[in-house]
Novice: 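Sharing a structure with you now.
Residue numbers start from 1 in every chain, and the chains themselves are labelled A, B, ... in the order their sequence lines are given, proteins ahead of strands. Everything numeric here is computed off the predicted structure, so don't read it as measured data.
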Number of protein chains: 2
Amino acid sequence: MRKIIGIEDQELIARIAKAMGHPTRVAILLFLASQDSCYFGDIHEELPIAKATVSQHLKELREAGLIQGEIETPKVKYCIHKENWKMARELFVDFFNTYVEKDVMC
Amino acid sequence: MRKIIGIEDQELIARIAKAMGHPTRVAILLFLASQDSCYFGDIHEELPIAKATVSQHLKELREAGLIQGEIETPKVKYCIHKENWKMARELFVDFFNTYVEKDVMC
DNA sequence: AATATTGTTTGTAAATTTGCGAACAATAAT
DNA sequence: ATTATTGTTCGCAAATTTACAAACAATATT
């Protein structure tokens, strides 16, 4: 049985996809996914770009709901937003499953 | 076992995500996914935007590899690019599976 | 109080995206 | 030949994105 994806889910998919639509942001997400949590500095260290730019990318990912940041003065700890990540995964799985050659999945 | 996502896959994910990062393009993909194939006019009919804009969105989806278009003069038939769609699905599934609360999946 | 550490915010410039009308191309029908 | 049909391409304007340096904020250290 194929899931029906309503207009609101479509916009959510677009919103999340947009946040994922930059190599640096994909790299950040994968780094966080592998670290389970880490500080701004750790992320910045991994990337060949200015800290202001890193901060901006992190902001976009946060606003899309994919990550969350929390202040541990004087540092800021970032991590994957578990619930939203799970929801995003389900959205994308359903999305890509709207088209399949054969109905044999999984 | 978790899949390792290399730098090239990261860029591919970003490229595809970027193409999916607009509500209209998500709508087009879902429409094509449900139709299996259809003409430009059918797509345009579904959307509240100018044909020039529809054509541009289709171009982006085509350049990202998610769809393919073929001329059936005087019409143009569009459909999901099966192989690339399948590859994209696997990329995204692997991507989202890089982070899971528990290792019990599926 | 002055300094250092860690990030965010601001201002700015360049590039890209989005959307549209109008012009164009390619064939089919009159 | 002219006209109609179906989309694409072009040119333009407005909005957004990307990247950076510099300024700033908030606390900790000297």
Novice: Can you label the angle between the Tyr99(B) ring and the Trp85(A) ring as parallel, tilted or perpendicular, going by 30° and 60°?
Specialist: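 Aromatic pair Tyr99(B)/Trp85(A) classed perpendicular.
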Novice: Quick one: label Glu60(B) by what it contacts on the DNA or RNA (base, sugar-phosphate, nothing), any heavy atom closer than 4.0 Å.
Specialist: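 It contacts sugar-phosphate atoms only.
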Novice: Please report, rounded to the nearest Å, how far the C1' atom of dT9(C) is from the CG atom of Leu58(A).
Specialist: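 Leu58(A) atom CG is separated from dT9(C) atom C1' by 14 Å.
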Novice: Have a look at His44(A) and say if it touches a base, only the backbone sugar-phosphate, or nothing, with a 4.0 Å heavy-atom cut-off.
Specialist: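 Answer is nothing: His44(A) stays at 4.0 Å or more from every strand.
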Novice: Whether His57(A) contacts dA19(D) is assessed here as follows: a side-chain N or O lying under 4.0 Å from the phosphate OP1 or OP2. Is that the case?
Specialist: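 His57(A) to dA19(D) OP1/OP2: side-chain N or O found under 4.0 Å.
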Novice: On DNA chain C, does the nearest nucleotide to Ala52(A) precede the nearest nucleotide to Pro74(A) from the 5' side, or the other way round? Give the residue.
Specialist: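 By nearest-heavy-atom nucleotide position, the 5'-most residue is Pro74(A).
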Novice: Quick one: is dT8(D) close enough that its OP1 or OP2 comes under 4.0 Å of any side-chain N or O from Ser55(B)?
Specialist: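 So the side chain of Ser55(B) is within the cut-off, an N or O lying under 4.0 Å from OP1 or OP2 of dT8(D).
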Novice: Without swapping roles, check the side chain of Asn84(A) against the backbone of Gly65(A) for a donor-acceptor pair under 3.5 Å.
Specialist: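 A pair under 3.5 Å: yes.
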Novice: For Lys51(B), report the nucleic acid contact type (base, sugar-phosphate, nothing); a contact means any heavy atom under 4.0 Å.
Specialist: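 Result for Lys51(B) = base.
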Novice: Examine Tyr78(B) together with Tyr39(B) and report whether their ring centres are nearer than 6.0 Å.
Specialist: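 That pair fails the under 6.0 Å test.
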Novice: How is Ile71(A) classified with respect to the nucleic acid when contacts are heavy atoms under 4.0 Å: base, sugar-phosphate, or nothing?
Specialist: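 The answer is nothing, as Ile71(A) stays clear of every strand by at least 4.0 Å.
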Novice: Can you check whether Tyr78(B) has a side-chain N or O nearer than 4.0 Å to OP1 or OP2 of dT6(D)?
Specialist: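 Negative; the distance criterion is not met.
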Novice: Between Lys18(B) and dT17(C), is there a side-chain N or O to OP1/OP2 distance below 4.0 Å?
Specialist: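 Looking at the OP1 and OP2 atoms of dT17(C), one of them is under 4.0 Å from a side-chain N or O of Lys18(B).
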Novice: Here's a test for you: under salt bridge (charged side-chain N to carboxylate O under 4.0 Å, His left out), which of Arg25(A), Arg15(A), Lys18(A) qualifies with Glu60(A)?
Specialist: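 When salt bridge (charged side-chain N to carboxylate O under 4.0 Å, His left out) is applied between Glu60(A) and each of Arg25(A), Arg15(A), Lys18(A), only Arg25(A) qualifies.
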Novice: In whole angstroms, how far is the C1' atom of dT6(D) from the CD1 atom of Ile43(B)?
Specialist: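 Ile43(B) atom CD1 is separated from dT6(D) atom C1' by 13 Å.
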Novice: Kindly say if Thr53(A) contacts the phosphate of dC20(D), meaning a side-chain N or O under 4.0 Å from OP1 or OP2.
Specialist: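 Yes, such a contact exists.
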